[in-house]
Participant: 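Handing you this structure, nothing more for now.
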Amino acid sequence: MTDILSAAGADPAVVPEFPMARAAGCPFDPPPGLRSLQEEGPIARVRLWDGSTPWVVTRYAEQRALMADPRVSADITRPGYPAPAPLPKGSFASFILMDDPEHHRLRRMVQAPFTVKRVEAMRPAVQKIVDDLIDDLLAGPRPVDLVEAFALPVPSLVICELLGVPYADHDFFQDNSKTIIRRDAPPEERAAAGGRLTAYLDDLVGRKLAEPADDLLSQLAGRVTAGELTREGAAQMGVLLLIAGHETTANMIALGTLALLQNPDQLALLRDGDDPKLVAGAVEELLRYLNITHSGRRRVALEDIEIAGQVIRAGEGMIMANDIANRDPGAFPEPDDLDIRRDARRHVAFGFGVHQCLGQPLARMELQVVYSTLYRRVPTLRLATDLDAIPFKHDGQVYGVYELPVTW
């Protein structure tokens with residue numbers, strides 16, 4: 001297929017659209033169109049919303065090779081970058097959409113709180129947050145929406161404490177975050193939501209400049225004072241960390257719970273076991289199996305790159321479809337099975353290479369605490385509705401569920 005398309009000059013009329021639609025009744029699986037492309041070969045041309053025809057990389061080995069290749073750029077401002085949706089006018093590029101050395105310079109400013117050692121020191125505090133929320137859950141009415149009562153508050157409380165953001169404002173930043181990451185939201189709505197969040201974080205940075213505290217925003221304010229970062233840049237970095245810090249983990253908590261409820265044998269292993277290694281392995285397997293970042297990681301070639309019998313030309317875009325790469329049978333036998341005893345540590349749910357997710361140690365720790373506590377303390381947890389009545393986030397750049405009604 002890829003040879004035919006190359007010979008055709010990547011004519012948009014003969015290139016298939018980038019598959020986004022999941023199959024009915026298979027809410028945990030990648031779009032079947034991606035599986036078909038993967039079976040045909042490691043890379044293929046696809047057509048995007050704007051008529052461009054970047055490459056989609058569907059297999060695990062090729063994806064890791066390209067994400068580690070210095071000839072591959074994450075810079076969203078480069079011609080040929082395969083944006084997932086129209087970019088709002090005046091939108092800013094966070095450091096995750098930049099290349100080194102600027103990417104490294106900015107990333108270094110915020111990486112200290114996310115080291116494994118610092119994150120592990122937070123585990124008792126996260127355990128208390130989880131236990132307190134479960135106490136409230138058990139004392140409240142049934143059924144209950146697990147997203148609203150538990151999955152969203154856990155990471156929101158954690159990232160607010162780490163950043164120095166008042167949790168009392170959670171409705172404001174969660175509502176605006178939802179707009180920003182909605183794929184079908186008009187660009188002007190996403191721009192307005194981003195502007196509101198940036199103004200909010202700018203005000204907080206101003207307060208930290210006047211009265212520093214022991215939090216990450218105060219550290220960024222210190223960079224502003226030292227002339228290493230503009231105040232606007234500090235606010236924008238705060239927006240990125242705030243959104244990334246609660247949206248992804250909240251969706252993993254809820255969607256992971258649903259996946260386990262649909263696989264009761266795996267849930268029983270996790271609920272009845274007391275081995276921390278089993279819990280850690282379950283987290284890695286659920287990250288591999290669910291792949292909540294389902295728009296793919298976007299890149300553009302800086303030079304001609306030969307891979308899998310094809311040449312990706314300089315200036316051509318690439319989509320690293322991590323959801324289907326994590327279901328590559330060449331890397332993970334029986335990839336469509338959820339098996340928490342599998343060694344899934346080499347998955348690409350957090351990306352790979354220099355742009356690998358900064359917050360992955362924190363996400364892993366939070367999920368370990370949640371998955372080792374919730375099902376043990378609420379052993380009869382079950383869905384309070386049918387699977388086909390659950391609203392999934394097909395319209396979001398981060399996949400998950402809008403609601404998860406449960407009872408016990």
Side-chain angles (χ1 to χ4, degrees), residues 20 22 26-31 84 96 126 129-130 133 137 144-160 170-171 173-185 193 239-263 282-297 321-323 326-327 338 344 347-351 357-371 373-375 381 383 385 387 390-406:
M20 296 299 295
R22 294 174 184 247
C26 300
F28 309 120
D29 294 341
I96 63 174
V126 174
I129 287 172
V130 169
L133 287 168
L137 202 69
V144 65
D145 176 14
L146 194 72
V147 173
E148 188 71 23
F150 183 74
L152 198 50
V154 169
S156 296
L157 283 161
V158 172
I159 198 63
C160 282
H170 68 278
D171 285 339
F173 65 71
Q174 287 167 1
D175 288 345
N176 283 286
S177 296
K178 290 174 185 175
T179 300
I180 290 172
I181 64 174
R182 265 183 50 216
R183 284 198 300 245
D184 60 353
V239 171
L240 169 67
L241 296 172
L242 183 60
I243 295 176
H246 78 272
E247 279 288 349
T248 51
T249 305
N251 282 290
M252 270 302 303
I253 291 171
L255 196 62
T257 296
L258 178 57
L260 288 165
L261 290 172
Q262 296 301 116
N263 291 269
V283 168
E284 302 305 321
E285 172 66 352
L286 284 162
L287 287 164
R288 179 201 71 83
Y289 181 73
L290 295 175
N291 285 283
I292 58 168
T293 52
H294 66 154
S295 295
R297 288 175 172 83
N322 51 287
D323 48 358
N326 277 337
R327 297 291 188 95
L338 177 63
H347 62 73
V348 288
F350 290 120
C357 175
L358 171 74
Q360 60 181 296
L362 180 61
R364 283 187 164 104
M365 184 270 287
E366 291 181 70
L367 293 172
Q368 289 168 11
V369 173
V370 166
Y371 293 153
T373 306
L374 178 61
Y375 319 121
L381 187 74
L383 284 181
T385 188
L387 180 64
I390 294 172
F392 288 87
K393 294 182 177 179
H394 297 289
D395 59 346
Q397 293 186 42
V398 181
Y399 188 61
V401 293
Y402 283 108
E403 299 173 3
L404 188 63
V406 296

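Values in this document were obtained by computation on a predicted structure and should not be read as measured data.
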Participant: Check whether F350 forms a cation-pi arrangement with R364 (NZ or CZ under 6.0 Å from the six-membered ring centre, at most 45° off the ring normal).
Facilitator: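 The answer is no, since R364 fails at least one limit relative to F350.
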Participant: What residues, two or more places apart in sequence or in another chain, satisfy side-chain hydrogen bond (donor to acceptor under 3.5 Å, both in side chains) together with T179?
Facilitator: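 Partners of T179 under the side-chain hydrogen bond (donor to acceptor under 3.5 Å, both in side chains) test: none.
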Participant: Which residues satisfy the salt bridge (charged side-chain N to carboxylate O under 4.0 Å, His left out) test with R297, sequence neighbours excluded?
Facilitator: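 Result, salt bridge (charged side-chain N to carboxylate O under 4.0 Å, His left out) vs R297: none returned.
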Participant: Excluding sequence neighbours, so at least two apart, what forms side-chain hydrogen bond (donor to acceptor under 3.5 Å, both in side chains) with Q397?
Facilitator: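 If we apply the side-chain hydrogen bond (donor to acceptor under 3.5 Å, both in side chains) test to Q397, skipping adjacent residues, there are no hits.
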Participant: How long is the gap from CD1 on I159 to CG on L362, to the nearest 0.5 Å?
Facilitator: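 Those atoms lie 6.0 Å apart.
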Participant: Who are the ring pair (Phe, Tyr, Trp, His ring centres under 6.0 Å) partners of F173, not counting sequence neighbours?
Facilitator: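 Listed in chain order: H246.
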Participant: Between atom CG of L404 and atom OG1 of T385, what is the distance when rounded to the nearest 0.5 Å?
Facilitator: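 Those atoms lie 9.5 Å apart.
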Participant: If the condition is side-chain contact (heavy atoms from CB on, under 4.5 Å), which residues does K178 pass it with, not counting sequence neighbours?
Facilitator: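 Scan of K178 (side-chain contact (heavy atoms from CB on, under 4.5 Å), adjacent residues dropped) gives D175, E247.
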Participant: How long is the gap from CD1 on I253 to CG on L146, to the nearest 0.5 Å?
Facilitator: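 Taking CD1 in I253 and CG in L146, the distance rounds to 8.5 Å.
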Participant: Check step by step if side-chain contact (heavy atoms from CB on, under 4.5 Å) holds for V370 and F150.
Facilitator: CA-CA 10 Å; V370 166; F150 183 74; 3.7 Å; yes
Participant: Residues two or more places apart in sequence or in another chain: which of them pass side-chain hydrogen bond (donor to acceptor under 3.5 Å, both in side chains) with S156?
Facilitator: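 Testing S156 for side-chain hydrogen bond (donor to acceptor under 3.5 Å, both in side chains), a comparison that skips the adjacent residues, returns Q174.
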Participant: Is the number of heavy atoms from other residues, nucleotides or ligands within 6.0 Å of CD (Q262) greater than 12?
Facilitator: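 Counting other residues, nucleotides and ligands, CD of Q262 exceeds 12 neighbours.
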Participant: So, using salt bridge (charged side-chain N to carboxylate O under 4.0 Å, His left out) as the criterion, who are the partners of E366 when residues are at least two apart?
Facilitator: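 Per chain and number, E366 pairs via salt bridge (charged side-chain N to carboxylate O under 4.0 Å, His left out) with no residue.
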Participant: I'd like to check the side-chain contact (heavy atoms from CB on, under 4.5 Å) partners of N176; sequence neighbours left out, ordered by chain and number.
Facilitator: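 Checked N176 against side-chain contact (heavy atoms from CB on, under 4.5 Å); matches are F172, A193, R196, L197.
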Participant: Run the side-chain hydrogen bond (donor to acceptor under 3.5 Å, both in side chains) test against R327 and tell me which residues pass, sequence neighbours left out.
Facilitator: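 side-chain hydrogen bond (donor to acceptor under 3.5 Å, both in side chains) check on R327 returns D29, D336.
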Participant: Give, for atom CD1 of I129 and atom CG of L157, the distance between the pair rounded to the nearest 0.5 Å.
Facilitator: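 I129 atom CD1 to L157 atom CG measures 5.0 Å (nearest 0.5 Å).
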Participant: Quick check on side-chain contact (heavy atoms from CB on, under 4.5 Å): which of L286, L374, V147 does T257 satisfy it with?
Facilitator: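 The residue from L286, L374, V147 that satisfies side-chain contact (heavy atoms from CB on, under 4.5 Å) with T257 turns out to be L374.
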Participant: Under the salt bridge (charged side-chain N to carboxylate O under 4.0 Å, His left out) rule, collect the residues that match up with D145, sequence neighbours excluded.
Facilitator: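 Residues passing salt bridge (charged side-chain N to carboxylate O under 4.0 Å, His left out) with D145: none at all.
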Participant: Check side-chain contact (heavy atoms from CB on, under 4.5 Å) between A321 and all other residues, then give those that pass, not counting sequence neighbours.
Facilitator: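 Testing A321 for side-chain contact (heavy atoms from CB on, under 4.5 Å), a comparison that skips the adjacent residues, returns L34, V56, D323, I324.
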Participant: Using 30° and 60° as the class boundaries, would you call the ring planes of F392 and Y399 parallel, tilted or perpendicular?
Facilitator: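 Correct class here is parallel.
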Participant: List the steps, then state whether side-chain contact (heavy atoms from CB on, under 4.5 Å) holds for N291 with V348.
Facilitator: CA-CA 9 Å; N291 285 283; V348 288; 5.7 Å; no
Participant: Once rounded to the nearest 0.5 Å, what's the spacing between atom NZ of K393 and atom CD1 of I292?
Facilitator: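 With rounding to 0.5 Å, NZ (K393) is 9.0 Å from CD1 (I292).
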Participant: Apply side-chain contact (heavy atoms from CB on, under 4.5 Å) to residues M252 and L287 and explain how you reach the verdict.
Facilitator: CA-CA 8 Å; M252 270 302 303; L287 287 164; 3.9 Å; yes
Participant: With a 3.5 Å distance limit and no angle check, can you tell me whether N322 reaches the backbone of A349 through a side-chain donor-acceptor pair?
Facilitator: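 The answer is no, because no donor-acceptor pair under 3.5 Å joins these two groups.
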Participant: Quick one: list whatever passes side-chain contact (heavy atoms from CB on, under 4.5 Å) with T373, sequence neighbours left out.
Facilitator: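 By the side-chain contact (heavy atoms from CB on, under 4.5 Å) rule, T373 matches Q127, V130, D131, I134, V369, R376, R377.
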Participant: For the CG atom of L338 and the CG atom of L290, what is their distance to the nearest 0.5 Å?
Facilitator: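 Result: 7.5 Å between the selected atoms.
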